[in-house]
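Data first, discussion second: the structure below is written as structure tokens.
Throughout, protein chains are lettered first and strands after them, A, B, ... in sequence-line order, and every chain is numbered starting at 1. Nothing here was measured: the structure is a model prediction, and the numbers come from that model. Worth knowing before you read on, the calculation uses all heavy atoms, side chains too, and leaves out hydrogens, waters and symmetry mates.
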Amino acid sequence: MASLIAGGVDCDVHPAVPHLTSLLPYLNDYWRDQVTTRGMVDLVSQSYPQNSPIVARPDWRPETGKSGESLKDMQRHLLDPFQLTHAICNPLYGVQMVFSEDLQAAFCRALNEWLVKEWLDRDQRLRGSIVIPTQSVEKAVTEIERCAQDRRFVQVLMLVMGDTPLGKRAWWPIYEAAERLDLPVGIHAGSAYHNPPTAVGWGSYHIEDYVGQAQAFQTQLTSLIVEGVFAKYPRLKMVMLESGVSWISPYLWRLHKFWRGVRMETPWVDRAPLDIVRSNIRFSLQPFDVPPEPETLIRLFDHMQSDELVLFSTDYPHWQFDGQDALPEGLSPDLVRKIMIDNPHATYPRLT
Amino acid sequence: MNVQFRESLEAASPQTVKTAIADCDIHPARATRTELYPYLAKRWQHHLEVYGVHAYQGMMEGPPYPKAQPNASRRDAYPPEGGPQGSSLPFMQKQLLDPNNVQFGVLNPLNTGQGIRNHELSAALCSAINDWQIDKWTSKDRRLKASIVVGNEDGLSAAAEIRERAGDKNFVQVLLLSRNVEPLGQRRYWPIYQAAEEAGLPVGVHAFGFGGNPITPSGWPSYYIEEMVGHSQCQQSALASLVLEGVFERFPKLKMVMIEAGFGWAPSLAWRLDKVWQRLRSEVPHVKRPPSEYIREQVWWTTQPMEDPERREDLFDVIKWIGWDRLLFATDYPHWDYDEPSRVLPAGVSEANREAFYLGNAQKLYGIAA
């Protein structure tokens, strides 16, 4: 395996909310009363069943409670041994599944407050992503603007599967705010389950949903590119989190071919999709879905024709690799430095 | 999109044009609205006149995403005697089969009885299309072979249609579309796979169709290009379902062909399936081997529309990972994104691989004598 270097940035770690009741201190009286009176239960998404093998590495799984709920564990498992300068916290709590925009906005605000008090205030290496109430673009922008005053929030966080494709114009005020406030928009694996998790309907299995995340990322990239998000907001960066990486080049070859064929349909797309991805889109490293032969890996990175696309991530505490082997074999020392340090800093302006 | 590799245009050798080829994706069309009526009972003729066709999407005529060309077809493919592109055998012979030396062509009719909410009507239309393929096409030109079109949402009647046609040498495969009411691995479709395996016929899964699901996992996109690019994502989800439901394990002699959905994504999907299967295989104990093995052994891929990298050699890495023995050349005639046979493979491909790609793989898969 390629050697990790000190001073890296982990762009995808997952602190866990122990239970919905953990957010009660961050809700106002009305919502606290709603949660308790109505007997609301913990918001656990189907995307990440707590006992699924992929959701926590065996040696990172605590004896009790959810994996990722203890800061001490995160320090011991990750921040210290990997010698990270920063880790970006992407809470995967099931607030996106909520349908009421009022309830969702209250939960998102509480979740972001919880992240500040329980994590960011307790370890200077940690940075946060702003979880937004996607049932209301207006409320989402308000939450972005509120959180952005704290420079430790370095990103806006959305899920890859929501109510409508992410390039749709209705979402654009979110992207305007993100660009204005130097916040990349992170798109993380997962679904609100407001649509079937594949484009051909509901499958049967957890494994099917997990494999299907990659296809969801592909359709979202198409939407973001052809709707013209990056023509309108050229400084906006988007980061595909837990997306997989081996599909990137063949996907782009196909998109590029059709763009050449029917670009008259979307004339505002004034640059080739390949170029848009190189300037505006980044991908987190794990889960690294390339076979273990270094020669295959070298060909795949060569297909990307750029060493700036991939950002280091462990996906802690998810089980994507064992031991310290977060970096696949075959990466050159230069590429390791780009992935672990240079690319994250170039992507996240607030990482200082 | 006739041009695959800009640099190779000048180098394309005229001799490669004349090499005998198989075309594994040809779309025959009806010349008139009522061309199927002779094959339909009076009841269904009446139904079509009064109620029309109710698909799993709202448009009574035409597609929900307007195509980039009329009928999504080449503007030079209108037959001189009238009718839409692809509706005339003589003109297809003149424009496609003769000049390209197509030795063997597979017909994949679209806009048939698939994706219709009334499953009885669906079965009747599919059966009519199958009769029509023999009468209008395969009996008149022996190079052409038909696909058994089945009303797949009712697996039992679909299986009955396959059994009725089994052994008829006019037919070389069973045809499904990629987007259905459920992912294709689901049990409602298993009678189709069982019947196809018994009949020794590959099952082709052609991109397209509407099954009532939004065509992305985040809902309905805006543009035709999103639908077009998205066919590869739909096909990936359909194939993942087939693997993870254990269809290939349960029907080990079943062969499937992924048609018009690209193939560049195949290695990546197989790697991803393998990696996740290692972690989560206890959920799917019926998937006994690494998913990539089922795909390598039981899945073939038509070539059109071939992915278009900036550096053409990149695509050959992908073909190597899939296997040169699994690709089936296709033009998609008369559709606008037709791949021109003489310009698909540049110089530098070995003669054996070139022959397999253009003809040999298709002959072996479909049991057509060389």
Side-chain angles (χ1 to χ4, degrees), chain A residues 52-54 160-168 191 195-208 210-212 214-216 218-220 222-223 226-227 244 246-247 249-251 253-262 264-266 274 287 289-291 296 299 302-303 305 319, chain B residues 1 68 178-186 211 213-226 228-230 232-234 236-238 240-241 244-245 262 264-265 267-269 271-277 279-280 282-284 305 307-311 314-315 317-318 321 336-337:
Chain A
S52 161
I54 214 165
V160 73
M161 291 181 251
D163 293 69
T164 61
L166 286 172
K168 286 268 191 183
S191 181
N195 285 298
T198 84
V200 295
W202 294 89
S204 304
Y205 305 110
H206 167 56
I207 183 175
E208 203 171 345
Y210 196 79
V211 169
Q215 289 84 63
Q218 292 160 38
T219 57
Q220 290 291 23
T222 307
S223 172
V226 305
E227 293 269 6
S246 65
W247 52 264
S249 297
Y251 157 77
W253 300 339
R254 179 177 173 90
L255 175 61
H256 188 73
K257 176 165 181 164
F258 282 106
W259 174 71
R260 281 172 46 205
V262 298
M264 51 80 173
E265 188 189 25
T266 55
L274 291 163
D289 49 5
V290 175
T296 307
R299 293 305 306 138
D302 186 51
H303 289 176
Q305 296 176 256
W319 189 13
Chain B
M1 303 238 283
S178 58
R179 296 189 303 215
N180 303 284
V181 170
E182 291 191 88
L184 275 177
Q186 294 286 333
N213 300 296
I215 63 170
T216 88
S218 285
W220 295 93
S222 304
Y223 302 108
Y224 175 57
I225 186 174
E226 297 183 82
M228 290 296 283
V229 176
S232 82
Q233 285 83 51
C234 296
Q236 290 174 65
S237 296
S241 167
L244 294 172
E245 297 283 350
W265 47 268
S268 168
L269 178 72
W271 295 330
R272 185 173 176 90
L273 278 162
D274 278 2
K275 174 156 185 180
V276 181
W277 175 78
R279 290 274 186 276
L280 301 177
S282 69
E283 191 194 21
V284 283
E307 282 82 355
D308 191 9
E310 287 176 304
R311 303 177 307 198
D314 289 352
L315 194 60
D317 287 329
V318 173
W321 293 327
W336 68 272
D337 44 347

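Residue L184(B): no heavy atom, backbone or side chain, is found under 4.5 Å from chain A. Using a 4.5 Å cut-off between heavy atoms, S178(B) contacts chain A through its backbone alone, with no side-chain atom that close. Using a 4.5 Å cut-off between heavy atoms, V284(B) touches chain A through its side chain atoms alone. Using a 4.5 Å cut-off between heavy atoms, P196(A) contacts chain B through both its backbone and its side chain. Only the side chain of Q220(A) comes within less than 4.5 Å of a heavy atom of chain B; its backbone N, CA, C and O stay farther away. In this structure, the portion of L274(A) lying under 4.5 Å from any heavy atom of chain B is its side chain and not its backbone. Residue T266(A) touches chain B through its side chain alone, counting heavy-atom pairs closer than 4.5 Å.
Note on D317(B) versus R299(A): salt bridge recorded, some NZ/NE/NH1/NH2 to OD/OE distance being below 4.0 Å. Salt-bridge formation is not detected for the pair K257(A)/D337(B): no Lys NZ or Arg NE/NH1/NH2 atom is positioned less than 4.0 Å from an Asp or Glu carboxylate oxygen.
For the pair P165(A) and P221(B), the minimum side-chain heavy-atom distance is below 4.5 Å. Side-chain contact between T296(A) and W271(B): present, with at least one pair of heavy atoms (C-beta onward) separated by less than 4.5 Å. Inter-residue side-chain proximity for S246(A) and R272(B) is flagged as unmet; no heavy-atom pair is nearer than 4.5 Å. Taking 4.5 Å as the limit, some side-chain heavy atom of V262(A) sits within range of a side-chain heavy atom of Y224(B).
Residues meeting the ring pair (Phe, Tyr, Trp, His ring centres under 6.0 Å) test with Y210(A), sequence neighbours left out: none. Contacts of S52(A) classified as side-chain hydrogen bond (donor to acceptor under 3.5 Å, both in side chains), with partners at least two apart in sequence or in another chain: H206(A).
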Practice prompt. Decide side chain to side chain contact (heavy atoms under 4.5 Å, CB included) for V200(A) and N180(B); before the verdict, give the C-alpha distance in whole Å, the side-chain angles of both, and the deciding distance to 0.1 Å.
Written response: CA-CA 6 Å; V200(A) 295; N180(B) 303 284; over 6 Å; no

Item to complete: Assess whether side chain to side chain contact (heavy atoms under 4.5 Å, CB included) is satisfied between E307(B) and H256(A), documenting all intermediate values.
Response: CA-CA 8 Å; E307(B) 282 82 355; H256(A) 188 73; over 6 Å; no

Practice prompt. For Q236(B) and V211(A), run side chain to side chain contact (heavy atoms under 4.5 Å, CB included): C-alpha distance rounded to whole Å, both residues' side-chain angles, the deciding distance at 0.1 Å, then the answer.
Written response: CA-CA 9 Å; Q236(B) 290 174 65; V211(A) 169; over 6 Å; no

Practice prompt. Would you check, one step at a time, whether the test side chain to side chain contact (heavy atoms under 4.5 Å, CB included) holds for Y251(A) with V229(B)?
Written response: CA-CA 8 Å; Y251(A) 157 77; V229(B) 176; 4.0 Å; yes

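Relative to the six-membered ring of W265(B), R254(A) misses at least one condition, a distance below 6.0 Å or an angle of at most 45° to the axis.
In terms of modelled atom types and a separation under 3.5 Å, the side chain of E265(A) and the main chain of A68(B) share no donor-acceptor contact.
Of all heavy-atom pairs between K275(B) and P287(A), the closest is NZ-C, 4.4 Å. P217(B) and M161(A) make their closest contact through CB-SD, 3.4 Å (heavy atoms, listed as atom of the first residue, atom of the second, distance). Across F258(A) and P305(B), no two heavy atoms sit closer than the pair CZ-CG, 3.8 Å. Taking every heavy atom of both residues into account, A199(A) and I215(B) meet most closely at CB-O, 3.3 Å.
Ring geometry, H303(A) versus W321(B): the interplanar angle falls from 30° to 60°, so the pair is classed tilted.
With hydrogens and angles left out, the side-chain atoms of S232(B) and Q218(A) include no donor and acceptor closer than 3.5 Å. Between the side chains of E226(B) and T219(A), no donor-acceptor pair is found at a separation under 3.5 Å.
When the candidates I54(A), L166(A), V226(A), V290(A) are compared by the number of heavy-atom contacts under 4.5 Å with chain B, V226(A) comes out ahead. In terms of heavy-atom pairs under 4.5 angstrom with chain B, the leader among W247(A), W253(A), W202(A), W319(A) is W253(A).
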